[in-house]
Amino acid sequence: QVQLVESGGGLVQPGGSLSLSCAASGSIFNVYGMGWYRQAPGKQRELVATVTSGGSTNYADSVKGRFTISRENAKNAVYLQMNSLKPEDTAVYYCNADIKISADSRYLEVWGQGTLVTVSS
């Protein structure tokens, strides 16, 4: 069984910084895309940032220049450095990854359990 475990959420003041981590564990053959999504109260889940195994990144316009996504392929881990946080960044942040469990399997989309980020004074 494959799972993603996130850590690093919490309460931070506006303008502050926070770092999220996510690591995949279990029977893993290969991890392709990894990313972060978020869901604010009463809103749909939205993309925050993604990164491919080759290092190509993609960001939501709302976080460009403030957030940085990175990954460690050897650890099957992805990180999100969040700077200049705003109250509107408050949400549950979910880690996401496309994972193969064997050479001849398809990629499975796996989600983490979510970690709450609250930006408030």
If you take all heavy atoms of [X] and [Y], which pair is closest and at what distance?
| X | Y | answer |
| --- | --- | --- |
| I99 | A24 | CD1-CB, 4.1 Å |
| Y93 | M82 | CE2-SD, 3.9 Å |
| V31 | A97 | CG1-CB, 4.2 Å |

If Ile, Leu, Val, Met, Phe, Trp and Tyr residues are connected whenever their side-chain heavy atoms lie under 4.5 Å apart, and connections chain through other members, are [X] and [Y] in the same group?
| X | Y | answer |
| --- | --- | --- |
| V2 | L108 | yes |
| Y79 | V51 | no |
| V92 | V63 | no |

With a 4.5 Å limit on heavy-atom distance, are the side chains of [X] and [Y] in contact?
| X | Y | result |
| --- | --- | --- |
| V48 | L80 | yes |
| Q113 | E6 | yes |
| M34 | S53 | no |
| Q39 | Y94 | yes |
| R38 | E46 | yes |
| W36 | C22 | yes |
| I101 | N30 | no |

Please round to the nearest 0.5 Å and tell me the distance separating atom [atom1] of [X] and atom [atom2] of [Y].
| X | Y | atom1 | atom2 | value |
| --- | --- | --- | --- | --- |
| L11 | S121 | CG | OG | 9.5 Å |
| T90 | L116 | OG1 | CG | 8.0 Å |
| R71 | T57 | CZ | OG1 | 12.0 Å |

Original post:
So, are K86 and D89 salt-bridged, with charged N and O less than 4.0 Å apart?
Top reply: no
Original post:
With a cut-off of 6.0 Å (strictly less than), are more than 12 heavy atoms of other residues, nucleotides or ligands near CD of Q1?
Top reply: no
**OP:** Any chance you could lay out the side-chain contact (heavy atoms from CB on, under 4.5 Å) test for N58 and L47, step after step, and finish with the verdict?
**Re:** CA-CA 9 Å; N58 180 51; L47 178 147; 4.1 Å; yes
**OP:** May I ask you to check if K100 and Y107 form a cation-pi contact, with NZ or CZ under 6.0 angstrom from the six-membered ring centre and within 45° of the axis?
**Re:** yes
Subject >> Contacts of Y37 that satisfy ring-ring contact (aromatic ring centres under 6.0 Å, His included) - sequence neighbours left out >> reply: W111
Donor-acceptor list for residues 12-21 side chains, cut-off 3.5 Å, not counting sequence neighbours:
| unit_1 | atom_1 | unit_2 | atom_2 | d |
| --- | --- | --- | --- | --- |
| S17 | OG | N83 | OD1 | 2.9 |

